[in-house]
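Worth saying up front: this structure is predicted, and the values here are computed from it rather than measured. Residue numbers begin at 1 in each chain, while the letters A, B, ... track the order of the sequences. Atoms considered below: every heavy atom in the structure, side chains included; atoms not considered: hydrogens, waters and symmetry mates.
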Amino acid sequence: MRSSYRHLPDGPEEALQPIGVALTYTYMTTNRAKVLLWLLHMPSCCSMAVQFGHIAGYPTGSPFKNREELRIAGLHSQNMAGISGNAKTGADAIVVSGGYVDDADYGEIIIYTGHGGRDPNTGRQIRDQELIDSGNAALVRSELEGLPVRVIRGRHNKRHHQSPFAPSSGYRYDGLYRVESHWAKMGVDGFRVWQFRLVKLKDGEVSTPKDTSPASIDQYAVGPAPVTTSIMQRIVRNSMIAHIVKSWYSHECQVCGLAIQVEGGLYSEGAHIRGLGQPHHGPDVPENLLCLCPNDHVRFDNGAIYLTDELHVMDALTGQAVGQLRVHKNHKIDLRHVAYHRECWTKD
DNA sequence: GGGCCCGCAGGG
DNA sequence: CCCTGCGGGCCC
């Protein structure tokens with residue numbers, strides 16, 4: 001019997017997550033039913049949640065037998081692909097198993113090759129990689145927004161080159177990294193590959209120099225926080241709040257309307273109205289955050305522009321209004337913080 | 001070990 | 001639906 005190869009879980013419930021439609025979809029067999037469910041699934045498929053940061057119950061060092069276990073645990077959404085996530089929300093996890101010849105694993109630093117352009121049988125590159133491929137663009141998005149990426153190392157088999165950091169069997173969760181930079185280069189097979197430099201985030205490392213704010217808003221927490229990693233969760237949460245605000249504006253600056261375009265996506269910055277930490281103690285909440293282009297971020301942080309209570313944008317040099325702040329309907333801006341910022345930069 | 005084929009999630 | 005992707009089990 002050919003079908004006797006197939007590995008099925010002992011009971012449907014134990015191996016599958018409780019996500020109604022997805023569960024049903026998994027067990028549909030006829031093509032017609034699949035198409036129907038696919039159509040039903042389409043309108044909501046873009047809002048699939050992507051979990052950033054640590055996953056509760058799976059501390060750094062947690063072992064996994066295979067990719068399926070990683071998927072069920074929620075550490076990595078893909079069954080085969082190395083990059084989990086999408087271009088819009090960012091990459092939440094990668095699997096490092098040396099599958100690409102241009103990879104390099106230095107432990108705390110990983111040079112990770114993007115996907116695409118590979119012959120699935122030989123593993124060699126047979127064409128150029130594209131940055132707009134969703135997985136590659138997802139890593140760019142994580143870089144632009146400072147999102148933490150879960151790194152999972154897999155056993156390196158004979159086809160892959162060896163890394164001393166790879167587990168001897170299965171997969172191992174190795175903690176959170178940030179995407180520091182990316183670039184294109186000619187791969188060893190003679191085709192362009194995109195590469196990403198990932199640097200391990202240490203407990204105690206802060207993502208922004210000014211960040212000493214109390215982690216006071218639990219509604220933006222990304223999943224249940226593991227007990228021993230509160231600092232890490234705060235970093236994650238900061239990124240996520242900026243992520244939410246930026247998404248309201250599609251990275252368009254609230255002052256000038258510009259969205260910086262780079263290959264792989266749009267860029268904007270989350271600017272705190274009332275500074276975080278000493279001595280301002282501004283909260284890290286959407287009500288205290290603006291989505292700005294880098295130029296207006298610098299102008300705002302240094303008092304070259306400030307806001308009135310009517311959210312007019314004021315030029316500090318001339319004292320004249322130069323525009324109206326753009327505000328999304330979901331974005332409630334706390335005027336107390338606006339006043340605090342204004343009083344830092346005006347004489348009376 | 002190589003080859004085959006079955007697999008699923010996500011994006012187009 | 002199609003296709004791709006740093007799987008994986010099993011046969012030989």
Measure CD/Q129(A) against P/dT4(C) and give the value in whole Å, please. 15 Å
Represent DNA chain C in dot-bracket notation, 5' to 3'. Only Watson-Crick or G-U wobble pairs with both distances under 3.5 Å count; pseudoknot-style crossings use [ ] and interstrand partners use |. |||||.||||||
Sugar-phosphate only, base, or nothing, as touched by T113(A) at under 4.0 Å among non-hydrogen atoms: base
Within 45° of the ring axis of Y100(A) and under 6.0 Å from its six-membered ring centre, is that where the NZ or CZ of R118(A) lies? yes
Considering the options I305(A), V338(A), L307(A), which one meets the side chain to side chain contact (heavy atoms under 4.5 Å, CB included) requirement together with L325(A)? L307(A)
Can you confirm whether more than 12 heavy atoms, excluding those of I132(A), are under 6.0 Å from its CD1 atom? no
Whole-Å distance separating the CD1 atom of I132(A) from the P atom of dG12(B): 9 Å
Under 4.0 angstrom between N86(A) side-chain N/O and dG11(B) OP1 or OP2: yes
In whole angstroms, the gap separating P of dA9(B) from CG of L70(A) amounts to 14 Å
When rounded to whole Å, the CG to C1' distance for the pair N136(A) and dC6(C) reads 12 Å
When rounded to the nearest Å, what value does the distance between C1' atoms of dG12(B) and dC6(C) take? 22 Å
Is the phosphate of dG8(C), meaning OP1 or OP2, less than 4.0 Å from a side-chain N or O of Y171(A)? yes
Whether H331(A) and W248(A) hold their rings parallel, tilted or perpendicular, with breakpoints at 30° and 60°: tilted
Can you sort out the partners of E263(A) under side-chain hydrogen bond (donor to acceptor under 3.5 Å, both in side chains), two or more places apart, ordered by chain and number? none
Which part of the nucleic acid does G114(A) contact within heavy-atom distance under 4.0 Å: base, sugar-phosphate only, or nothing? nothing
Over how many whole Å does the gap from H115(A) atom NE2 to dT4(C) atom P extend? 12 Å
Between CZ of R67(A) and P of dG10(B) the distance, given in whole Å, is 12 Å
S77(A) side chain near dG10(B) phosphate (N/O to OP1/OP2, under 4.0 Å): yes
Hey, is the side chain of S84(A) poking within less than 4.0 Å of OP1 or OP2 on dC6(C), counting only N and O atoms? no
Check: D174(A) and V96(A) side chains under 4.5 Å, non-hydrogen atoms: no
Rounding to a whole Å, what distance do you find between D105(A):CG and dC6(C):C1'? 13 Å
Between dC6(C) atom P and R118(A) atom CZ, what is the distance in whole Å? 5 Å
Under the 6.0 Å and 45° cation-pi test, does R274(A) pair with Y340(A)? yes
Have a look at G154(A) and say if it touches a base, only the backbone sugar-phosphate, or nothing, with a 4.0 Å heavy-atom cut-off. nothing
Would you say N136(A) and F196(A) make side-chain contact, with heavy atoms under 4.5 Å? yes
Which nucleotide in the list dA9(B), dG7(C), dC6(C) gets nearest to the side chain of D103(A)? dC6(C)
Nearest listed nucleotide, side chain of N79(A), among dG9(C), dC6(C), dC8(B): dC8(B)
Of all the nucleotides listed (dG7(C), dG9(C), dA9(B)), which has the minimum atom distance to the side chain of R71(A)? dA9(B)
Options dG11(B), dC6(C), dG5(C), nucleotide nearest the side-chain atoms of V95(A): dC6(C)
Ranking dG5(C), dC6(C), dG8(C) by distance to the side chain of Q78(A), first place goes to dG5(C)
Identify which nucleotide among dG5(C), dG9(C), dG11(B) has an atom closest to any side-chain atom of M80(A), counting heavy atoms from C-beta outward. dG5(C)
